[in-house]
Amino acid sequence: MSPSPSAWFQCVAGCAGRHALNAVIYRCPRCDGLLEVVHDMDALRSRTPAEWRALFDARYGRTRYPYGSGVWSKMEWVQPHVEPDNVVSLFEGNTNLMAARRYGAQIGLEPDSLWVKQCGTSHTGSFKDLGMTVLVSSVQQMIREGKPVRAVACASTGDTSAALAAYGAAAGIPVVVLLPRGKISAAQLVQPLANGAIVCSLDTDFDGCMRVVQALTRDPTIYLANSMNSLRVEGQKTISTEIVQQLDWEVPDWVLVPGGNLGNVSAIAKGFLELRELGLIDRLPRIACCQAARANPLYRAYQRAAGEGRALAEQDFQPITAGATQASAIRIGDPVSLPKAVRALVACSGVVEQATEQELADAAARADRSGMFNCPHTGVALACLEKLVARSVIQPRERVVVISTAHGLKFTEFKARYHEGKHEFPSVYANEPVEMGARPEEVVAQIHEAISRALA
Ligand SMILES: *Cc1c(COP(=O)(O)O)cnc(C)c1O
Ligand SMILES: [Zn+2]
């Protein structure tokens, strides 16, 4: 009998302490370091690479619960200590890997080079669903094992709270969401309200909400769902396996991802590293972490290291106060997953690029003109792509995957402001409605003129 898959929390700060995945802990209890989920790789080697590929392909997008989920189709690699019956899945993942041929050609890439992984066409409209299904399933498992967990809580301004509220509602577990009053959009407030979460609108900013949620979750019966919770990384990392699977088990040359708290850049690297360790791929892609210029502490650290001709190291980093950016989900000046992200970028020959407000808005709008509908964070990644191609860091023939992290429909205010030309910069790709009367001949004549302009 081969050993069955198992995994545990392990401290990444050097003390290497191990803890069970059903322990209610978020940081190393010994040295306060970040935790990471580590899998028993020998147990996972009991299947050959060909057998894993065949298993994942057989489960892909099928009906059997929970294996039809993009995340739970890789269950053995993700969270082997949840009983299938305790999984709380909304069949997240399995998102489209879109061939961005027209936009790719416009920015100087070969026809089959550019792919956009549409992670935002998911249950709550962002890729946070991937991690949240793992966290809430783990909590459901703890509850069924008799652990006294009464609720799950997070501080968030948007996508995390929407995902937590949806998965909590699917499980019937109470959810507490702490939001900064007046600093979130209507869509971001409505999602957790609709799902029946306890929505607390606090008279403070995001950091103030974080302080409160940390005080709240000192009570071990209230489980903390914030980004330092490394169970979420296990769900997010399935993006990497899914990309490789969708490319018929080939490795892309580049993966670009917008970065704020940096959990996701770490997760994507972890996914590729484990794929290589288990023999499903034989090389790693390069990773580009893409930041908004107003929230760019990792970019600054990368520049500091590059300026001295060194690889990025943790000591290069200094926290900043992040400024207001349209890419609100990555407005973070002191990312919680920094140590993991530095390791990830070093392992994957990573680069860090940044995009200004105008660059991210124009890139999103330009790509929209080829049929996409991009959120501002995806705009950051696309703007960085354009810059890296222009500087020949990315070559025209290389195969590039851009992670689209949220659905544009969650950010209609951003898009409306752009097309109404209401920014402090000119909107290069603005498209406004044409005001017309209602007399058929006149309207028809105006439409003919407009078509001629579009074809010019
Ligand atoms: C959370 C989030 C990110 C950034 O992920 P991090 O792990 O914080 O770097 C990017 N885009 C969207 C839409 C997000 O919700
Ligand atoms: Zn430790």
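If you're wondering where the values come from, they're calculated on a predicted model, not measured in any experiment. All ligand and atom numbering here is 1-based and tracks the order in the structure.
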Legend entry - No-hydrogen, no-angle side-chain donor-acceptor test under 3.5 Å, N86 and Q141: yes
Legend entry - E398/R286 ion pair, N-O < 4.0 Å: no
Legend entry - Residues E274 and K270 bridged, charged N to O under 4.0 Å: yes
Inset, instruction - Would you check the N or O atoms of G263, main chain and side chain alike, for any that come under 3.5 Å of an N or O of ligand 1? - result: yes
Legend entry - Protein contact to atom 8 (O) of ligand 1 [nearest heavy atom, distance to 0.1 Å]: N261 N, 2.8 Å
Inset, instruction - Mind jotting down which residue pairs meet the side chain to side chain donor-acceptor pair (under 3.5 Å) criterion with at least one end in residues 128-138? Sequence neighbours excluded, please. - result: W72-T133, Q79-S138, S122-D129, T124-D129
Legend entry - Distance filter under 4.0 Å to A329 heavy atoms, resulting ligand 1 atoms: 12 (C), 14 (C), 15 (O)
Legend entry - Sub-4.0 Å atoms of ligand 1 with respect to non-hydrogen atoms of H377: 11 (N), 13 (C)
Inset, instruction - Please report which non-hydrogen protein atom sits nearest to atom 4 (C) of ligand 1, along with the residue it belongs to and the distance in Å to one decimal place. - result: I330 CG2, 3.5 Å
Legend entry - R417/E357 ion pair, N-O < 4.0 Å: no
Inset, instruction - Return yes when atom CZ of R150 has more than 12 non-hydrogen atoms of other residues, nucleotides or ligands closer than 6.0 Å, and no otherwise. - result: no
Legend entry - Identity and distance of the protein heavy atom lying nearest atom 11 (N) of ligand 1: T405 OG1, 2.8 Å
Legend entry - salt bridge (Lys or Arg N to Asp or Glu O under 4.0 Å) partners for R18, two or more places apart: none
Legend entry - Distance filter under 4.0 Å to A406 heavy atoms, resulting ligand 1 atoms: 13 (C)
Inset, instruction - Answer with yes or no whether the side chains of E92 and Y167 bring together a donor and an acceptor at under 3.5 Å. - result: yes
Inset, instruction - Find all atoms of ligand 1 within a distance of less than 4.0 Å from any non-hydrogen atom belonging to L262, and give their numbers and elements. - result: 6 (P), 7 (O), 8 (O), 9 (O)
Inset, instruction - Please step through ring-ring contact (aromatic ring centres under 6.0 Å, His included) for the pair Y223 and Y26, ending with a clear verdict. - result: CA-CA 9 Å; Y223 193 80; Y26 317 107; 5.4 Å; yes
Inset, instruction - Give a yes or no on whether the backbone of T221 and the side-chain of D219 come within a donor-acceptor separation of less than 3.5 Å. - result: yes
Solution key, residues 34-43 side-chain donor-acceptor pairs under 3.5 Å, sequence neighbours excluded:
unit_1: E36; atom_1: OE2; unit_2: R343; atom_2: NH2; d: 3.1
unit_1: H39; atom_1: NE2; unit_2: W77; atom_2: O; d: 2.9
unit_1: H39; atom_1: NE2; unit_2: E234; atom_2: OE1; d: 2.7
unit_1: H39; atom_1: NE2; unit_2: K237; atom_2: NZ; d: 3.3
unit_1: D40; atom_1: OD1; unit_2: D42; atom_2: N; d: 3.1
unit_1: D40; atom_1: OD1; unit_2: A43; atom_2: N; d: 3.1
unit_1: D42; atom_1: OD1; unit_2: R45; atom_2: NH1; d: 2.9

Legend entry - Heteroatom proximity flag, D159 to ligand 1, N/O under 3.5 Å: yes
Inset, instruction - Would you check the N or O atoms of S126, main chain and side chain alike, for any that come under 3.5 Å of an N or O of ligand 1? - result: no
Inset, instruction - Indicate the atoms forming the closest heavy-atom contact of Q354 with K387, along with that distance. - result: O-NZ, 2.7 Å
Inset, instruction - Using 2.8 Å as the cut-off, note every protein N, O or S atom close to the Zn ion (ligand 2). - result: C11 SG, C15 SG, C28 SG, C31 SG
Legend entry - Result of checking V389, V401, L109 against L114 for side-chain contact (heavy atoms from CB on, under 4.5 Å): L109
Inset, instruction - Kindly confirm or rule out an N or O of G259 lying under 3.5 angstrom from an N or O of ligand 1. - result: no
Inset, instruction - Give yes if a backbone or side-chain nitrogen or oxygen of G260 is under 3.5 Å from a nitrogen or oxygen of ligand 1, and no if not. - result: yes
Inset, instruction - If you have a sec, work out which protein heavy atom is nearest atom 2 (C) of ligand 1 and how many Å separate them, to one decimal? - result: K128 NZ, 2.4 Å
Inset, instruction - Starting from atom 5 (O) of ligand 1, locate the nearest protein heavy atom and write down its residue, its atom name and how far away it is, to 0.1 Å. - result: N264 ND2, 3.1 Å
